[in-house]
Amino acid sequence: MRSLTVTSDHVFESILSLLRRGNDSGYPLVYPPIASWPKLDDDAEVLRSWKRALLTAAPLDLNVRVPFCQTVCTFCFLPVVSIGNRSKVDTYLAGLEQETKIYSPLFSKRKFDSLYIGGGTPNLLDLRELDRLFEGLHRHFSMAPRAQISMDANPEFLTAEQTRLMKAQGVNWLTIGVQSLEDKVTNAVVRTQTNSRVRAAYDHARLSGISGINIDLLCGLPEQTREGFLRDVETVTTWGADEVHIYQFKALMNTSLYKMGRKGTEESEKHWKNIQRQGLEILLRKGYHAIDEESAALGAKAVNRQTQRLFEQPFSMLGLGMGAVSLLHSQARYVTTMNFSRYRQCLSDGRLPLERGVFLGAEDEMIGYLLLQFAQNDRVSAAAFRRCFGRGLVDVFGGRLRVLVDEGVLRRTKSGYEASSDRAFLQVPKTLYSAEVVEQLRRRYHLD
């Protein structure tokens with residue numbers, strides 16, 4: 001029988017801290033957490049799981065990774081590699097094409113609601129390579145009529161020719177990773193970016209007719225000051241970007257900054273959290289409306305739908321490429337290998353380049369939903385839960401929620417439940433995590 005007290009508060013708080021510091025997926029913490037996933041090599045069961053997931057009406061997204069960068073910024077936590085010999089690109093694109101061929105028969109009767117090409121630096125690919133990437137995706141997969149097709153770009157490599165090609169291939173949302181407009185900051189983090197050319201890169205995208213443009217900024221980087229960061233925010237608001245996303249830098253364990261000893265402190269994180277809020281206040285004064293605590297947009301529809309989906313209703317997402325994460329609604333989660341040779345060899349052999357993963361059931365999906373709702377909103381709506389899962393919140397989790405109410409962690413409201421104590425950040429996941437997942441994480445992190 002499931003235990004509600006699977007481990008001590010101290011050990012579980014250590015687990016949560018390590019999960020946050022070690023999250024290199026680029027996604028919110030999914031459940032079960034990626035760190036708890038065992039090795040996976042069962043292609044047949046993965047494909048069967050997709051068949052079951054596609055029987056549901058859950059939205060369907062496609063996420064494609066181009067993991068190459070010119071240089072790896074010292075703040076970057078994503079699984080990326082320096083491009084080195086450009087011959088790797090053609091080999092990689094051939095692997096992606098083989099991967100799409102394995103999956104495409106499963107999706108012949110389904111259309112994707114969104115396509116997101118992320119990195120790495122996707123626009124490090126030249127025009128021929130970009131055209132090959134899009135042509136292969138469009139040949140094997142179908143997009144819904146009003147699908148959002150989005151892409152990441154580094155302004156250093158963003159040309160007018162590139163943006164015209166993106167527009168012709170259906171890209172209607174472009175995220176330009178500016179991060180900082182100060183030379184002393186971009187130099188300090190070893191970023192390939194000429195700040196005097198960033199505005200021209202933005203103008204290329206706007207003049208090409210790409211309908212939505214997002215600007216990413218970072219606060220809390222080495223050599224960055226409050227004044228310099230807020231000046232960057234003021235500057236990009238004059239460009240008219242449809243969305244501005246302000247990330248607060250935190251040194252995750254796989255970043256070069258963390259490995260160099262810049263691990264941050266609770267005090268410094270609170271300091272930059274306050275500055276991040278000041279940046280968002282500037283956006284609001286300039287006519288943007290808040291989407292969440294990290295981003296603001298000029299219009300209700302001016303958002304990266306796939307990014308927003310991660311915090312909303314359950315969905316399925318097919319991930320292609322090295323280090324890609326796939327999320328199968330109520331069926332499975334898995335990630336592909338980041339080893340270039342293994343990625344290539346698996347696909348040459350007609351096998352999926354799987355690394356780690358987990359098969360799950362409907363309750364795991366529901367737990368993941370609750371954890372995200374409490375993490376993002378400090379509350380959960382019973383009506384929204386029923387819309388997502390067709391079951392009552394109390395029917396599924398009544399006993400565990402009652403324990404949290406009795407302990408003063410949650411309170412019952414007319415619409416559902418909300419946090420009533422600072423202890424909710426610890427006690428909600430501690431109550432919802434299964435004993436099996438906690439034990440896997442204890443072993444992974446060598447915790448007593």
Please round to the nearest 0.5 Å and tell me the distance separating atom CG of Leu318 and atom CG of Asn63.
9.0 Å
Above 12 or not: heavy atoms from other molecules or residues under 6.0 Å from CG of Asp41?
no
Residue Asp422 excluded, over 12 heavy atoms near CG under 6.0 Å
no
Looking at Arg132 and Glu97, is any side-chain nitrogen of the basic one under 4.0 Å from a carboxylate oxygen of the acidic one?
yes
When you check the side-chain N and O atoms of Tyr258 and Arg262, is any donor under 3.5 Å from an acceptor?
no
Would you please say whether a donor-acceptor pair under 3.5 Å links the side chains of Asn339 and Thr337?
no
If you measure only the distance, is there a donor-acceptor pair under 3.5 Å linking the side chains of Ser211 and Asn172?
no
Side chain to side chain, Ile215 and His245, heavy atoms closer than 4.5 Å
no
Taking the side chain as every heavy atom from C-beta outward, state whether Leu16 and Pro429 have any pair of such atoms under 4.5 Å apart.
yes
Measuring only between side-chain heavy atoms, which start at C-beta, is Ile117 closer than 4.5 Å to Leu137?
yes
Between the CD1 atom in Ile176 and the OG1 atom in Thr163, the distance rounded to the nearest 0.5 Å is 9.0 Å
Rounding to 0.5 Å, atoms CG (Leu447) and CZ (Phe12) come to a distance of 11.5 Å
For the residue pair Asn377 and Leu372, establish whether any side-chain heavy-atom pair is separated by less than 4.5 Å.
no
Write down the atom of Thr56, the atom of Ala53, and the distance for their closest heavy-atom approach.
OG1-O, 2.9 Å
Using only heavy-atom distances, determine whether the side chains of Ser268 and Thr265 contain a donor-acceptor pair under 3.5 Å.
yes
Before you tell me yes or no, could you show the steps for Phe68 and Tyr92 under ring-ring contact (aromatic ring centres under 6.0 Å, His included), namely the whole-Å CA-CA distance, both residues' side-chain angles and the distance that decides it to 0.1 Å?
CA-CA 10 Å; Phe68 303 114; Tyr92 185 70; 5.3 Å; yes
Assess whether a salt bridge exists between Asp183 and Arg191, defined as any Lys/Arg side-chain N lying under 4.0 Å from an Asp/Glu carboxylate O.
no
Val72 versus Cys76, closest heavy-atom pair with distance:
CG1-CB, 4.4 Å
Can a donor-acceptor pair be found between the side chains of Gln70 and Ser82 at a distance below 3.5 Å?
no
Can you name the closest pair of heavy atoms from Val244 and Ala241 and give their distance?
CG2-CB, 4.4 Å
When the ring planes of Phe229 and Trp272 are compared, do they come out parallel, tilted or perpendicular, using 30° and 60° as the limits?
perpendicular
Would you please say whether a donor-acceptor pair under 3.5 Å links the side chains of Tyr247 and Gln276?
no
Are Arg277 and Glu293 within salt-bridge range, i.e. N to O under 4.0 Å?
no
For the CD1 atom of Ile149 and the NZ atom of Lys167, what is their distance to the nearest 0.5 Å?
10.5 Å
Check Arg128 with Asp90, please: is the shortest side-chain N to carboxylate O separation under 4.0 Å?
yes
Testing the basics here: between Pro122 and Leu130, what is the closest heavy-atom pair and its distance to 0.1 Å?
O-CD2, 3.8 Å
Please tell me whether Trp173 and Tyr116 form a close aromatic pair, meaning their ring centres lie under 6.0 Å apart.
no
Can a salt bridge be assigned to the pair Glu99 and Arg65 using a cut-off of 4.0 Å between side-chain N and carboxylate O?
no
Heavy-atom count check: over 12 atoms from other residues, nucleotides or ligands less than 6.0 Å from Glu266 CD?
no
Got a salt bridge between Arg333 and Glu365, using NZ or NE/NH1/NH2 to carboxylate O under 4.0 Å?
yes
Does any part of the side chain of Leu410, heavy atoms only, come nearer than 4.5 Å to the side chain of Glu418, both counted from C-beta?
no
Would you please say whether a donor-acceptor pair under 3.5 Å links the side chains of Asp292 and Ser295?
yes
Going by heavy atoms in the side chains, are Tyr445 and Leu19 under 4.5 Å from each other?
yes
Between Thr186 and Ser180: side-chain donor-acceptor atoms closer than 3.5 Å:
no
Can you confirm whether the side chains of Asn187 and Glu223 place a donor and an acceptor under 3.5 Å from each other?
no
Measure the spacing between OG of Ser316 and CH2 of Trp50 and express it to the nearest 0.5 Å.
5.0 Å
Check whether any side-chain heavy atom of Leu347 lies under 4.5 Å from a side-chain heavy atom of Leu96, and answer yes or no.
no
Ignoring hydrogens and geometry beyond distance, is a side-chain donor-acceptor pair present between Arg226 and Gln278 at under 3.5 Å?
yes
Apply the test ring-ring contact (aromatic ring centres under 6.0 Å, His included) to residues Tyr369 and Phe389: give CA-CA distance (whole Å), side-chain angles for both, the deciding distance (0.1 Å), then the verdict.
CA-CA 10 Å; Tyr369 176 84; Phe389 300 103; 5.5 Å; yes
Heavy-atom pair with the smallest gap, counting every atom of Thr192 and Asn154:
O-ND2, 3.3 Å
Pair Arg146 + Asp113: basic N to acidic O under 4.0 Å:
no
Would Asp216 and Gln179 count as having a side-chain donor-acceptor pair, cut-off 3.5 Å?
no
Just so I know, are the side chains of Gln373 and Asp378 near enough to count as touching, which here means a heavy-atom distance under 4.5 Å?
no
Check Val325 against Val335 and note the closest heavy-atom contact, atom names and distance.
CG2-CG2, 4.0 Å
State plainly whether the residues Glu135 and Arg139 are in salt-bridge range, i.e. N to O under 4.0 Å.
yes
Applying ring-ring contact (aromatic ring centres under 6.0 Å, His included) to Tyr31 and Tyr433, what does each step give before you reach the verdict?
CA-CA 8 Å; Tyr31 182 85; Tyr433 271 49; 5.1 Å; yes
